[in-house]
Amino acid sequence: FAMIRFFSKAHSGKGTPMRQAGKKLCETTPEPATTLQAWRSHKRTGPIRGQELQHWADRVIATEPKAFVEEFIGHFVETSLPDDALRDGVSTLMDVAEKAGQAEIVEAVMEAAKERLGVVVDQGHAHRSRLSAHATCGSEHRVEELLRQEREQAADGTVAVSSLAVVVRGYLKAGKIQGAISQLREMVRLGHKIPPRAMSELFAAAAKAGIVKETYTSLGGQLQVPEDAVVALLDFAFRSEDFAFARDVEQLAKDQGTALKQEAFEAMLKLYVKVDDGKAIEIFQRMLSAEFVPCEGLCRYLMARCADSQNVRLAESVAEHLRGRQEMSLACYKTLMKVYALNGRYGKACELYDEIKQHGWEPDAVMYGSVVKFAAKAGRTDLAHELAQKLEGGCIRNYMWLIRSAGQEGDVERAVRTFRQLQSTQPELVDVMVYNVTIDACASNKQMALANQLLEELREVYPMNLVTYNTIVKGHCVAGDLDSARRTLKEMDESDITPDAASFSCLLRAAAQKLDYKETCRIIAELDRRKLPLDSYVISIMMQLSRKLPDSRDAYKALSILDRPDVLIFEDEVVFNTVLDACIYRRDYKRLSRAIDGYPSSKVRASVRTYGLLIKCCAILRRTQGCWNFWDEMVDRRGIIPNDVTLGCMIDALVEAQRVEDAVALFRDWKTKVTCDTII
């Protein structure tokens, strides 16, 4: 578009007004209404041949197949073409008809060519055209009949490889995958080598039909899979997240000596980057050893996915490779920093900032803000304060991170000092949110006297909001002062501020820590009275309480909260895990069974810990096959490497089911990959 504008300006001249269209001197010839009319208009220009003939033949057979033979054979009759050109023209018409699956038109073209043009089509060509046309329209019965006739007429009683090839191509167009595979096997049986293009077209057709895996399985490793087909198969494995299928394809390529193209390595990397099992690093190193150079875009994609899978090792390997190429851009540093942060390695994220400074690059405000947060969490207070000052005198969000971080570390003095610094240097930034964060830092560390002092300051300049009240309630609960917490809730009601579920969650947790089951019942009754939902925090607290209660009857009553229709245990993995853990501990078979049966259709995306709990549940319920199902889902379908706990759960389940040989075999398979303790 830039070039179009440039040349337009060059022709029109700067400031030249656009010339108005003149009055039409005559009406333009209207475009033909149909393809057939367009063809009849065009053929008047003279003999049509070659690519031009094929173009028009494709258009006419698609829209006016009944007129096809008369239009084109008639055109040849009307024009003076040499014999070679006529034969080429007839061959083109037959090719077009057979690719369209029009077997009757193929026959009609040959008959008309013989009678009206005197052109006799070679018998071999005619036979292959018939085969191709019938195969393309999916007529397997007619194809088999033609192949039988060829065998009977052949001196050696076999079908020519060219005949099988056109049948395969036709079947693939018709979506007859199994028919194509049968003909490919026949080619191998007769000692012919399958063209790589045929196998690539096979899997392309299978992908279009949505049966890639089924097609691959039906081959049984009997046919040579070329490089392009391997790429297609691995790309399918990536898109369907099928780790077991990817391993099978990779092993087949290795066994058959098929070299992996760069696209194959990229597909495997995109798949295995989703898990942290070392496989992705191995593939990345093999890709580099094969002298394939991943582009920066792929490298950034891999590092970004490493954040989700917590695959720090791969992210570091990719970054090191980019450093070696001197292509570690600021965007790459941002991505790697995110990987470290999401894995709780805030110190490493801060080290990247030091590396960025050595390059002389200037991060933007967003990156500065992120580094402030990381520095605060890593305990690098000086760096956090230094960067906070760079952002227009200090961004309020960064100060809040510093205060919150100090509170989480138990350094109340530093939290208040940071608040006072902001208060003295930029008082216009201090609002109720800053007060709430500072009060929370004090209250969470049982410094209620200091929290109340800040609260009195707040009352003088701002009205208290819901977060303020919840923070005070939380502080009283942390201190174990439930009476003061209830008085605060009463004050909320009097101030026309409606408590939410979080307000009562703090009370519930405090009551649960005291193992006061009756008090927890009163709090839940209050939640119901106020029509507040039982959120994930409430459910988790009740599950933890059910484990700790000394009276088993109270424990089962606590578990009965799971029977309520408004309690959703499949919305959050953490809640689901606490439910499984509590039911396992109390051997609540009924609720365990309900949780296991509901998992497959739930939103929960299980982690390695969740799989361990699921396997343990099935073992308790004596569902040994269920244990294997969860194990296969974890290892084969999702590519997750078990830890020692999950492996121990699986081995224990097999031993309990008297399947000791299976347990020993599993142990031998995994003992080199998972650190096994004495319990295993």
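Counting only heavy atoms from C-beta outward, the side chains of L271 and R239 never approach each other to under 4.5 Å. Between L666 and W631, some side-chain heavy-atom pair lies under the 4.5 Å cut-off. Between F419 and L454 the shortest side-chain heavy-atom distance falls below 4.5 Å. Looking at heavy atoms from C-beta onward, K557 lies out of side-chain contact with C521 at the 4.5 angstrom threshold. A heavy-atom distance below 4.5 Å is not found between the side chains of D581 and M543. Residues C306 and V273 are in side-chain contact: their nearest non-hydrogen atoms beyond the backbone lie under 4.5 Å apart. Using a 4.5 Å cut-off on side-chain heavy atoms (C-beta onward), C618 and W628 make no contact. Here the side chains of K490 and E494 are in contact, with some heavy-atom distance below 4.5 Å.
Counting only N and O atoms by type, the side chains of S503 and N470 include a donor and acceptor under 3.5 Å apart. Side chain to side chain, Y611 and E633 meet the donor-acceptor criterion of an N or O pair below 3.5 Å. Between N436 and T471, the side chains place no donor N or O within less than 3.5 Å of an acceptor N or O (distance only, hydrogens not considered). With hydrogens and angles left out, the side-chain atoms of Q544 and T578 include no donor and acceptor closer than 3.5 Å. No side-chain N or O of T675 forms a donor-acceptor pair with one of D644 less than 3.5 Å apart. A donor atom on one side chain and an acceptor atom on the other are not found under 3.5 Å apart for D563 and S560. The closest side-chain donor-acceptor pair between E316 and Y340 falls under 3.5 angstrom.
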| task | Let me see the working for Y353 and F374 under ring-ring contact (aromatic ring centres under 6.0 Å, His included), right down to the final yes or no. | result | CA-CA 10 Å; Y353 171 72; F374 304 152; over 10 Å; no
| request: Decide yes or no on salt bridge (charged side-chain N to carboxylate O under 4.0 Å, His left out) for R564 and D528, but give the supporting numbers first. | output: CA-CA 12 Å; R564 292 178 48 152; D528 290 338; 2.9 Å; yes
| request: Would you please test M433 and N465 for side-chain contact (heavy atoms from CB on, under 4.5 Å) and show each step? | output: CA-CA 9 Å; M433 289 192 300; N465 60 18; 5.8 Å; no
| said: Is there a side-chain contact (heavy atoms from CB on, under 4.5 Å) between R305 and S309? Walk through the geometry before answering. | reply: CA-CA 7 Å; R305 297 289 77 76; S309 62; 5.7 Å; no
| query | Would V434 and Q423 satisfy side-chain contact (heavy atoms from CB on, under 4.5 Å), going step by step from the backbone distance to the final call? | reply | CA-CA 10 Å; V434 182; Q423 202 174 35; over 6 Å; no
| said: Let's go through Y599 and F630 carefully: what are the C-alpha distance in whole Å and the side-chain angles of both, what is the deciding distance for ring-ring contact (aromatic ring centres under 6.0 Å, His included) to 0.1 Å, and is it a yes or a no? | reply: CA-CA 11 Å; Y599 163 76; F630 285 127; 5.7 Å; yes
| request: Show the numbers, then the answer: is there a salt bridge (charged side-chain N to carboxylate O under 4.0 Å, His left out) between E491 and R487? | output: CA-CA 6 Å; E491 184 183 338; R487 283 196 296 272; over 6 Å; no
| message | Does S405 form a side chain to side chain donor-acceptor pair (under 3.5 Å) with R414? I'd like the steps, not just the answer. | response | CA-CA 10 Å; S405 175; R414 175 157 58 90; 4.9 Å; no
| query | Run the side-chain contact (heavy atoms from CB on, under 4.5 Å) check on C583 and L562 step by step: do they pass? | reply | CA-CA 10 Å; C583 291; L562 299 176; 4.0 Å; yes
| request: Start with the C-alpha distance between D572 and S536, add both sets of side-chain angles, then the distance that settles side chain to side chain donor-acceptor pair (under 3.5 Å), and finish with yes or no. | output: CA-CA 8 Å; D572 182 274; S536 58; 5.4 Å; no
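Ion pairing between a basic and an acidic side chain is recognised when a charged N comes within 4.0 Å of a carboxylate O; D588 and R586 show no such pairing. Salt-bridge annotation for D597 and R594: absent, with no side-chain N of the basic residue lying under 4.0 Å from a carboxylate O of the acidic one. In summary, D554 and K548 do not engage in a salt bridge, as defined by a charged side-chain N under 4.0 Å from a carboxylate O. With respect to the salt-bridge test (charged N to carboxylate O, under 4.0 angstrom), the residues E573 and R605 do not qualify. In summary, K270 and E266 do not engage in a salt bridge, as defined by a charged side-chain N under 4.0 Å from a carboxylate O.
Legend: ring pair (Phe, Tyr, Trp, His ring centres under 6.0 Å) pairs involving residues 463-486, not counting sequence neighbours: none detected. Sorted by first then second residue, the ring pair (Phe, Tyr, Trp, His ring centres under 6.0 Å) pairs that include residues 530-575, not counting sequence neighbours, are F570-F576. Among residues at least two apart or in separate chains, salt bridge (charged side-chain N to carboxylate O under 4.0 Å, His left out) pairs with a member in residues 420-436 are R420-E457.
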Could you go through residues 327-334 and list every donor-acceptor pair under 3.5 Å that involves a side-chain atom there, pairing it with any protein atom two or more places apart or in another chain?
| unit_1 | atom_1 | unit_2 | atom_2 | d |
| --- | --- | --- | --- | --- |
| E327 | OE1 | R325 | NE | 3.4 |
| E327 | OE1 | R325 | NH2 | 2.6 |
| S329 | OG | E296 | OE2 | 2.7 |
| S329 | OG | C332 | N | 3.4 |
| Y333 | OH | E355 | OE2 | 2.4 |
| Y333 | OH | H359 | NE2 | 3.1 |
| K334 | NZ | D364 | OD2 | 3.0 |

N/O donor-acceptor pairs under 3.5 Å from side chains in residues 506-516, not counting sequence neighbours:
| unit_1 | atom_1 | unit_2 | atom_2 | d |
| --- | --- | --- | --- | --- |
| K514 | NZ | G480 | O | 3.3 |
| D516 | OD1 | E519 | N | 3.1 |

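Residues meeting the side chain to side chain donor-acceptor pair (under 3.5 Å) test with D481, sequence neighbours left out: S484.
The nearest pair of heavy atoms linking V478 to K446 is O-CE, 3.5 Å. Of all non-hydrogen atoms in C442 and V416, the two that sit nearest each other are SG-CG2, 4.0 Å. A280 and L314 make their closest contact through CB-CD2, 3.5 Å (heavy atoms, listed as atom of the first residue, atom of the second, distance).
A donor-acceptor pair under 3.5 Å links the side-chain atoms of T646 to the main chain of V608, judged by distance alone.
Geometrically, R547 engages Y585 in a cation-pi contact, judged by NZ or CZ lying under 6.0 Å from the ring centre and within 45° of the ring axis.
Annotation for Q285: atom CD counts as buried by contact number, over 12 foreign heavy atoms lying within 6.0 Å.
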